[in-house]
Amino acid sequence: GSLGVYLKGTSKVFAHLKSLAADIVFLQETHIKPTRANLLKCRWVNQIFQSTFSSKARGVAILISKSIPFRHVSTICDPNGRFLLVTGHIYTHHVTLLNIYGPNFDNPNFFSKVFDLLPNLSDTNVIVGGDFNCVIDNYLDRSSQPTQLPSAASATVNNLMLSTHLVDIWRLQHPTDRDYSFFSQRHKSYSRIDYFLLDSNLISNVISTKYHNILISDHSPTSLVLD
C-alpha cells in the first residue's frame, strides 16, 4: 500500500510489513529521492528494485525477502516514479511483477502505455499490483453512490484487463462484496483503488486475497497469497 511521508517512521513501516509476513512487497508513494534509495534496506529484504523521483514525491518499489529465490532478468523503471516492471525467475517459473502508482487525475493513456510494456503473457506469469487511483467497478468499489459515469481511466483499465486476460482477483473471489482500501478525508468516503490484477493462469494457485486494516498510511495493505 501507499506509504507517502510515513517513511519518516521507517522502522514502524518495516515492523508492520514483517508482521504481514510478506515475501514480495509492492510499495507506492515512497517519496524517496534517488540520493536516499538505501532507505528501504532492512535485514529480511534481499533484493530492492525502485523507481524514484527527482523530488520527494511519488516513487514505487518492489522488495523481495530472503526467503524467495528470485533470479532477476530485467527492469523497466519509470523516471516519473509511477511504475516499476521487474521480470525474473522464482524457481522454474518466469514472473513479471508490475507495480503501479496511478495518477490522481483521469489519465487513461498512462495505463495504456504501462500495460503495453508487459511481455508476451504466454511466456510469463504476470502479477500487477498497486494504487491505481481509480475504481474498477464504479458502483461496488465506492462507499457513496456514484454521481457520474466511470472515468476514462476506469474504462481503459477494464478494457486492458479483458485484452490481457488479467483478473481483479479480490473481486473474482468476492463478486458482490464491498471492501475498501482508501479513505478520502476530502470526500469523507471510502473506495477500493488498490488492486492485485492476476494472470488468469494463476487463479488456481490463489489461496487468499485480503484488505487489511488502515493503520500506518491512509491506504489499506492488500495481501495476495499464492501456492
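Applying the side-chain contact (heavy atoms from CB on, under 4.5 Å) criterion to T52, with sequence neighbours excluded, gives I32, P34, Q50. Partners of Y91 according to the side-chain contact (heavy atoms from CB on, under 4.5 Å) rule, which considers only residues two or more places apart in sequence or in another chain, are P69. Scored by the side-chain contact (heavy atoms from CB on, under 4.5 Å) test, S223 finds K210, H212 as partners (sequence neighbours excluded). With sequence neighbours left out, the ring pair (Phe, Tyr, Trp, His ring centres under 6.0 Å) criterion links H72 to F49. In this structure, the side-chain contact (heavy atoms from CB on, under 4.5 Å) partners of L121, at least two apart in sequence or on a different chain, are L118, V126, T164, L166.
With N158 contributing its side chain and I136 its backbone, the two residues share a donor-acceptor pair below 3.5 Å. Not one N or O on the side chain of K41 forms a donor-acceptor pair closer than 3.5 Å with the backbone of N46. Although no hydrogens or angles enter the test, the distance criterion places a donor-acceptor pair under 3.5 Å between the side chain of N99 and the main chain of L27. With D199 contributing its side chain and L202 its backbone, the two residues share no donor-acceptor pair below 3.5 Å. S154 contributes a side-chain N or O that, together with a main-chain N or O of V135, makes up a donor-acceptor pair within less than 3.5 Å.
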Legend entry - side chain to side chain contact (heavy atoms under 4.5 Å, CB included) between L85 and T75, intermediate numbers included: CA-CA 6 Å; L85 189 150; T75 299; over 6 Å; no
Legend entry - Chi angles and distances behind the side chain to side chain contact (heavy atoms under 4.5 Å, CB included) call for Y101, L84: CA-CA 9 Å; Y101 173 46; L84 178 65; over 6 Å; no
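When only modelled atom types and interatomic distance are considered, H93 and N125 share no side-chain donor-acceptor pair under 3.5 Å. Remark: the S74 side chain and the T87 side chain contain an N/O donor-acceptor pair separated by less than 3.5 Å.
More than 12 heavy atoms of other shown residues, nucleotides or ligands fall within 6.0 angstrom of atom CZ in F70.
Listed by first and then second residue, the salt bridge (Lys or Arg N to Asp or Glu O under 4.0 Å) pairs that reach into residues 135-156 are D141-R171, D141-R192, sequence neighbours excluded.
Taking hydrophobic clusters as Ile, Leu, Val, Met, Phe, Trp and Tyr residues chained together by side-chain heavy-atom distances below 4.5 Å, V25 does not share a cluster with L20.
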